[in-house]
Amino acid sequence: MTVPAIHPFRVEVPQAELDDLAARLRRALWPDELPATYGVTGDRVRGLAERWLDGFDWRAVEARLNALPQFTTEIDGETIHFLHVRSPRPDATPLVLTHGWPGSVLEYLDVVGPLTEPPAGQPAFHLVIPSLPGFGFSGPVRAAGWDRYRTARAWAELMARLGYDSYGAVGNDAGSMISPELGRIDGEHVVGVHVTQLFSFPSGDPAEFAGLSDADQAALAHLKWFQDEMFSFNLLHSQQPHTLAFALADSPLGLLAWNAQLFGEHLDADFVLANVALYWLTRTAGSAIRFYYEEAHCTEQPAGPTTTPTGLAMFKGDFQSIRRFAERDHANIVSWNSYDAGLPTGGPRDAAGHYAAHEATDLLVGDIRQFFAALSGRWPVLDEAHRALRQAVRGVTDWTLPTPCADWNVTQVFQHATCDQLGYAATLTGHGFPSENPFAPSGHLDGEPLSLLAPALIASAAAFAAVPADATEVPTPLPIGPLSAEVAIGACALDAAVHAWDIAVATGQPSPLSDELATALLAVAKQVAEPLRPFAYGPALPGADGPVGSLLRYLGRDPEWNA
C-alpha cells in the first residue's frame with residue numbers, strides 16, 4: 001500500500017478574504033444590550049470586534065506560523081495539517097501536542113522554543129502539533145465519526161509516518177481526552193501522557209462521595225455550576241451542530257461571540273482574535289463543533305482504565321480534576337500537580353489557566369519537562385534490559401517453541417516476563433497488579449504481544465523513575481525484602497534481560513544481551529539470586545564464556561542450550 005505523501009505547507013490567506021471579513025464586521029447587526037447573566041456581553045464583543053477591525057494583525061499570525069515548519073498529509077481520507085519542529089538535540093523526545101475547541105495549534109506556539117531548545121541540562125523535545133480534523137487547516141472535514149478514538153488512531157499513524165518509534169502525548173481540552181486514548185491504542189510506542197485536565201466524573205455510586213476532601217467538594221460544586229450555567233454550548237454542539245453552523249459560517253460577529261464564551265475575559269485580545277480568525281478564514285467553525293456531536297454519539301467504549309503513565313498539570317480557575325474519579329479511569333497516574341499561576345480573572349465565567357501553554361507557559365513547560373524526564377533515562381540498565389526484551393519479542397515467529405525455562409513454551413515465558421514487570425511496578429505504586437499468576441502462565445495470548453508487553457515495560461520504568469537514587473528500602477515483589485534502589489532496579493532489569501535471552505535462544509535469534517549489560521547484571525545477580533534459586537533460577541553451572549555466558553551460567557542457564 002502506498003503511504004500518502006507529506007507536503008510542505010504555508011498559510012497564505014488572500015487579501016480579498018481579509019477585506020471581506022472587515023466589510024462584514026463593519027455592517028454587522030447588533031442585538032440589544034443585556035447583563036452578563038444572559039451570556040457574553042455586548043461590551044466584550046464590541047471591544048473584541050473593534051480590535052479585530054483596527055489593530056489586530058492577521059499577517060503577523062501568518063508570519064509566526066510560517067516561521068515554523070508546517071505540513072499536510074492525508075490520513076483516513078482527510079487532510080491533516082501539522083507543525084513539525086525538531087529540536088537540534090539528538091536526545092530529544094518526540095511529543096504530539098493536541099489542542100481543543102475553541103483553541104487551535106496557536107495555543108501551543110509559546111511552548112515551541114522552550115521545549116525544542118531548552119537551557120543546558122533540561123530535556124529537549126521534537127514537537128508535532130496537529131490541527132484536529134475539522135479544525136483550521138485540517139478541515140473542514142466532510143466525513144462523520146471524527147471522535148477522540150478516530151483522532152487518536154490518526155495521530156498514531158501520523159507519528160509512525162514521521163518515523164517516531166517512541167513518543168509522548170500532551171493535551172489540553174479535547175486534547176486531554178484524545179491523548180490518553182492515544183496512549184491506550186498505541187501503548188507500544190507512547191511512553192507517557194501529559195494533560196491539563198482528566199475528565200473523570202462521578203459514576204453515580206453514592207459511596208464515591210464518602211470522605212472527599214474539601215478541595216474535591218469545591219471542585220464538584222464548581223463542576224455543577226459550570227453544568228448549570230455554561231454548558232449550553234456543549235448541549236447544542238452535541239445535538240444540532242449543523243443548525244448553529246449556518247450562523248457561524250455567515251457572521252464573523254456571531255462566531256466571535258460564540259467562541260469568546262470559552263475564552264477567558266482576562267486573556268489578551270489578540271490571542272482570542274487569532275484563534276477566532278483562524279476558524280473564520282478556514283471555514284471550519286461548523287466543522288469543528290461537530291467533534292462534540294461525534295463524542296455524544298460514539299458507540300466505541302474501550303473496557304478498563306488506561307495504563308500508560310499519565311501526568312496531570314491542572315491550573316487554578318480551570319476544570320479541577322478529582323483524583324479518586326481519575327484513578328478509576330486511568331490506572332497509572334504517576335504525576336499530579338496543581339498550580340496557581342496568579343492569573344487575573346475577568347469574572348465568574350472566566351476559566352483562568354485553561355490555555356496554560358499560552359497563559360502559564362513556564363509552569364506548563366516545567367511540568368512537561370519534569371514528567372517526561374522521570375519516565376526515561378534515569379536507570380540505563382533497566383532501559384537496556386527492556387530494549388533486549390522488546391527486541392526478542394519482535395523476532396518471534398513461532399510462539400509454541402520450547403524454552404530453557406523448564407516446561408514453559410515461548411508464550412508462557414513471555415507472559416511470565418510481562419507479569420513480572422507489572423509486579424515490580426505494582427509493588428511500588430500499589431496498583432496495576434497482574435491479573436494472571438506469573439508462575440502459572442496460561443499460554444494463551446489475548447492480544448498482540450508487543451501491545452501487551454509495552455504497557456508493562458512502561459509501567460515498571462515509570463514506577464522506578466520516581467525512586468530516589470539513594471533509597472535504601474525499595475519494595476519489590478521478591479521474597480527477600482526491600483532492597484537499595486540500585487539493586488531493586490537491577491533485579492527488575494535482570495528479570496527482563498534473562499527472559500529476553502530465553503525467548504531469543506528458543507526462537508533461533510542472536511542473544512539480545514550485550515557484554516556491558518551482562519557485566520552489570522552479574523553483580524546484581526550475586527546479591528539476589530541465591531534466595532531465588534528454588535523457584536526462579538537453577539543451580540549455578542560451571543564454566544565461563546565471557547560476560548554473557550558467565551551471567552547465564554551463574555543463573556543456571558546453559559549458554560549452549562538448544563531444543
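Everything quoted here is computed from the prediction, not taken from an experiment.
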(message) Within this structure, what is the CZ-CD distance for the pair Arg369 and Gln122, rounded to the nearest 0.5 Å?
(response) 4.5 Å
Exam field: side chain [X] to backbone [Y], donor-acceptor pair closer than 3.5 Å:
| X | Y | value |
| --- | --- | --- |
| Ser287 | Val141 | yes |
| Ser251 | Leu248 | no |
| Asp76 | Arg150 | no |
| Arg323 | Trp336 | no |
| Gln320 | Asp318 | yes |
| Glu359 | Leu343 | no |
| Asn332 | Thr307 | yes |
| Tyr108 | Thr98 | yes |

Closest non-hydrogen atom pair, [X] against [Y]:
| X | Y | answer |
| --- | --- | --- |
| Glu294 | Trp146 | CG-N, 3.7 Å |
| Asp329 | Ser200 | OD2-OG, 2.6 Å |
| Phe372 | Val170 | CE1-CG2, 4.0 Å |
| Val276 | Trp52 | CG1-CH2, 3.8 Å |
| Leu106 | Phe271 | O-CE1, 4.3 Å |
| Thr308 | Arg184 | OG1-N, 4.1 Å |

State whether the number of non-hydrogen atoms from other residues, nucleotides or ligands found under 6.0 Å of [X] atom [atom1] is greater than 12.
| X | atom1 | result |
| --- | --- | --- |
| Tyr293 | OH | no |
| His242 | NE2 | no |
| Phe246 | CZ | no |
| Asp57 | CG | yes |
| Asp228 | CG | yes |

Does some side-chain heavy atom of [Y] sit less than 4.5 Å from a side-chain heavy atom of [X]?
| X | Y | result |
| --- | --- | --- |
| Thr427 | Pro475 | yes |
| Leu162 | Val128 | yes |
| Asp173 | His354 | yes |
| Leu212 | Arg324 | yes |
| Leu109 | Leu68 | yes |

(message) Does either side chain, that of Gln197 or that of Asn172, offer a donor lying less than 3.5 Å from an acceptor on the other one?
(response) yes
(request) Indicate whether any N or O donor in one side chain lies under 3.5 Å from an N or O acceptor in the other, for Thr306 and His330. (result) yes
For the residue pair [X] and [Y], categorise the inter-ring angle as parallel (less than 30°), tilted (30 to 60°) or perpendicular (more than 60°).
| X | Y | answer |
| --- | --- | --- |
| Phe233 | His237 | perpendicular |
| Phe135 | Phe291 | perpendicular |
| Tyr167 | His189 | parallel |
| Phe319 | Phe199 | tilted |

(request) For the pair Arg51 and Asp270, find out whether any cationic side-chain nitrogen is under 4.0 Å from an anionic carboxylate oxygen. (result) yes
(message) I'd like to know if Glu295 pairs up with Arg148 as an ion pair, taking the criterion as any Lys NZ or Arg NE/NH1/NH2 lying under 4.0 Å from an Asp or Glu carboxylate oxygen.
(response) yes
(message) When you measure from the centre of the six-membered ring of Trp155, is the NZ or CZ of Arg153 closer than 6.0 Å and no more than 45° off the axis?
(response) no
(message) Tell me whether Arg46 forms a cation-pi arrangement with Trp30, defined as NZ or CZ under 6.0 Å from the six-membered ring centre and within 45 degrees of its axis.
(response) yes
(message) Run Gln70 and His84 through side-chain hydrogen bond (donor to acceptor under 3.5 Å, both in side chains) and show every step you take.
(response) CA-CA 6 Å; Gln70 298 176 85; His84 186 195; over 6 Å; no
(request) Take Gln370 and Ser335, measure what side-chain hydrogen bond (donor to acceptor under 3.5 Å, both in side chains) needs, and give me the verdict at the end. (result) CA-CA 9 Å; Gln370 180 181 6; Ser335 176; over 6 Å; no
(message) Pair Arg86, Thr116 - check side-chain hydrogen bond (donor to acceptor under 3.5 Å, both in side chains), show working.
(response) CA-CA 7 Å; Arg86 290 184 59 84; Thr116 58; over 6 Å; no
